[in-house]
Amino acid sequence: MAEDKAKNPHVLFFPFPIQGHIPPMLKLAELLSLSGFHITFLNTETIHNRLLKNSPALEQLAQQPRFRFKTLPDGLTSNNTEPILQVVDLVDSIRARCSELYRETLVPQNGEDPDGWPPVTCVVADGMMPVAFDVAEEMMVPVILLRTSSPCSVWAYYSIPELIKRGELPFPEEADMDDPIQGVEGMQSLLRRRDLPGTLRHAKSPNDRVLEFFNTASNNLGRAKALILNAFEPLDSLVLSHIRSVCPIIYTIGPLHLLQRNLNSSTNFPSFWLQDRSCIKWLDSQPNKSVVYISFGSITTMTGYKFHEFFHGLVNSGHGSITTMTGYKFHEFFHGLVNSGHRFLWVIRPDLVQGITTELEIYTTERVCFVPWAPQEEVLAHPAIGCFLTHSGWNSTLESIAAGVPMICWPFFADQQITSRYVGEVWKIGVDMKDTCDRNTIESMARKVMVDEGLRKSVSEMANIARESVKENGSSNMNFQKLVQHIKSLSI
Ligand code: UDP
């Protein structure tokens with residue numbers, strides 16, 4: 001019996017149901033399935049249907065003999081408007097509505113898997129889904145956590161109790177956002193209040209729901225068999241040594257999209273929107289390093305006012321000038337940009353700009369391209385791209401690093417504020433414009449980053465390290481092989 005099980009590792013993936021968390025999980029799931037494991041990938045219904053609609057590669061994956069998707073009902077009941085509270089509501093709702101079904105998927109009551117598959121031998125749980133951990137532990141199934149955010153944010157979240165103890169969280173009223181923060185071990189000379197993960201800004205008391213949520217998720221680090229991070233060892237060795245003091249076994253296997261390519265998997269692009277590939281053709285006709293790529297990921301929204309400021313800053317950044325600019329209306333922005341002579345590729349998701357009801361009209365001209373959703377990895381790797389104006393989501397940051405593209409960071413929430421601090425001050429591969437959104441700043445940063453040789457050199461060096469790390473004897477590749485062995489050992 002033990003021998004049979006050892007031959008049949010079966011990993012259940014339980015991702016956090018938002019865009020930024022699904023692709024890294026799915027990439028890892030696909031890689032493990034190539035290693036011969038059975039994979040059950042548990043999605044909420046809404047997420048699964050959306051992914052199926054927009055990512056043809058998912059169907060192919062589901063047709064593989066040892067790969068299956070299972071779904072859970074969503075229970076999306078949040079009345080909160082604050083994104084982080086919606087996230088916490090979603091997690092609570094999944095716990096309330098899906099625990100039973102999850103338990104049954106993990107260990108069927110009648111002892112029989114409906115597809116005749118071997119028992120689940122390991123759960124890879126998103127670190128932000130404590131229910132995935134708790135129920136698996138209750139059913140005595142080993143859990144390995146995967147955190148899809150930056151290692152520096154993982155460590156900052158883990159430090160919440162220390163920050164509370166020192167009176168640094170919640171922020172005092174009228175707090176100076178530039179004051180240094182002392183409560184994150186190893187980052188004392190680096191972090192200001194404004195650099196802590198943005199979600200912590202909203203905490204009103206030490207018992208705040210958001211603080212409790214991140215605290216619970218962080219405490220699970222000490223209970224897990226291991227932690228998987230989409231990062232590579234040399235990028236963050238100091239931070240990783242701190243996290244190892246809590247969770248000694250860490251598998252850094254990133255950048256996952258490079259590892260995936262290196263191990264010849266199908267490089268699927270799981271996506272919530274249909275990719276518009278017209279921008280690649282457009283990029284093909286642009287000079288080398290001439291285009292600013294702008295994308296704020298899958299969640300960030302901006303007001304019409306901010307959109308306006310971005311627009312002006314970019315237009316004035318030195319690659320041309322605008323002739324007319326009137327009003328806040330979308331059509332005016334679009335026409336103004338089209339007439340400006342700039343080279344920009346801008347992802348404008350249908351839900352990016354709040355308070356604008358005008359239907360988006362997508363223009364493409366010789367010098368300007370707008371798309372609702374781009375094949376981002378491919379865009380960043382394109383020789384025409386000169387810099388990336390990003391919200392500093394961790395996937396976007398890694399993709400930019402891997403492509404050797406310097407960044408202008410406009411973090412929106414969650415880990416993005418601390419990640420952008422690392423981009424600007426530690427890795428020195430971009431500039432951080434957090435908490436400002438005026439045209440002059442955008443203009444001067446765009447001017448700087450498009451031509452700054454120092455930034456370009458640093459990010460190229462880092463890209464080389466990232467690429468080396470996924471090669472056969474590279475740290476991420478070897479860590480992946482160790483992870484495979486670890487999961488096998490759990491099925492004995
Ligand atoms: N992305 C994409 N096309 C776009 C914009 C984004 O494929 O037009 C992908 C991007 O490559 C990244 C993910 O969406 O993998 C965004 O994840 P990230 O962690 O950067 O931000 P989030 O969406 O979680 O805020």
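The shown structure was predicted, so the numbers you read here are calculated from the model rather than taken from an experiment. Just follow the structure's listing: the first ligand is 1, and inside any ligand the first atom is 1.
- Looking at Met433 and Cys409, their side chains never come closer than 4.5 Å, going by heavy atoms from C-beta outward.
- In terms of polar-atom proximity, defined here as any N/O pair under 3.5 Å, Gln275 makes no such contact with ligand 1.
- The side-chain hydrogen bond (donor to acceptor under 3.5 Å, both in side chains) test with Ser150 is passed by exactly one of Thr419, Asn230, Asp236: Thr419.
- Note on Asp452 versus Arg447: no salt bridge recorded, every NZ/NE/NH1/NH2 to OD/OE distance being 4.0 Å or above.
- Judged by the shortest distance from any of its heavy atoms, His21 lies outside the 4.0 Å radius around the atoms of ligand 1.
- In this comparison of Lys27, His257, Gln376, Gln416, the heavy atom closest to atom 10 (C) of ligand 1 sits on Gln376.
- Under a 4.0 Å criterion applied to the non-hydrogen atoms of Val347, ligand 1 contributes the atoms 8 (O).
- If you number the atoms of ligand 1 from 1 as listed, the ones under 4.0 Å from a heavy atom of Ser295 come out as 5 (C).
- When each atom of ligand 1 is checked for a heavy atom of Ser396 under 4.0 Å away, the hits are 18 (P), 20 (O).
- In terms of N/O distances under 3.5 Å, ligand 1 is not approached by Thr397.
- Residue-to-ligand polar distances place Ala374 within reach of ligand 1: an N/O pair is separated by less than 3.5 Å.
- A salt bridge does not link Lys281 with Glu378: every distance from a Lys NZ or Arg NE/NH1/NH2 to an Asp or Glu carboxylate oxygen is 4.0 Å or more.
- Within the listing of ligand 1, atoms 23 (O) sit less than 4.0 angstrom from a heavy atom of Gly297.
- Judged by a 6.0 Å distance limit and a 45° cone about the ring axis, Arg193 is positioned over the six-membered ring of Phe171.
- For the ligand labelled ligand 1, residue Pro23 lies outside the 4.0 Å heavy-atom shell.
- Residue Trp394 approaches ligand 1 through these ligand atoms, each under 4.0 Å from one of its heavy atoms: 19 (O).
- Expressed to the nearest 0.5 Å, how far OG1 of Thr199 lies from CZ of Phe214 amounts to 4.0 Å.
- A salt bridge links Glu377 with Arg261: at least one charged nitrogen is closer than 4.0 Å to a carboxylate oxygen.
- Under 4.0 Å is where a charged nitrogen must lie from a carboxylate oxygen, and between Arg192 and Asp195 at least one such pair does.
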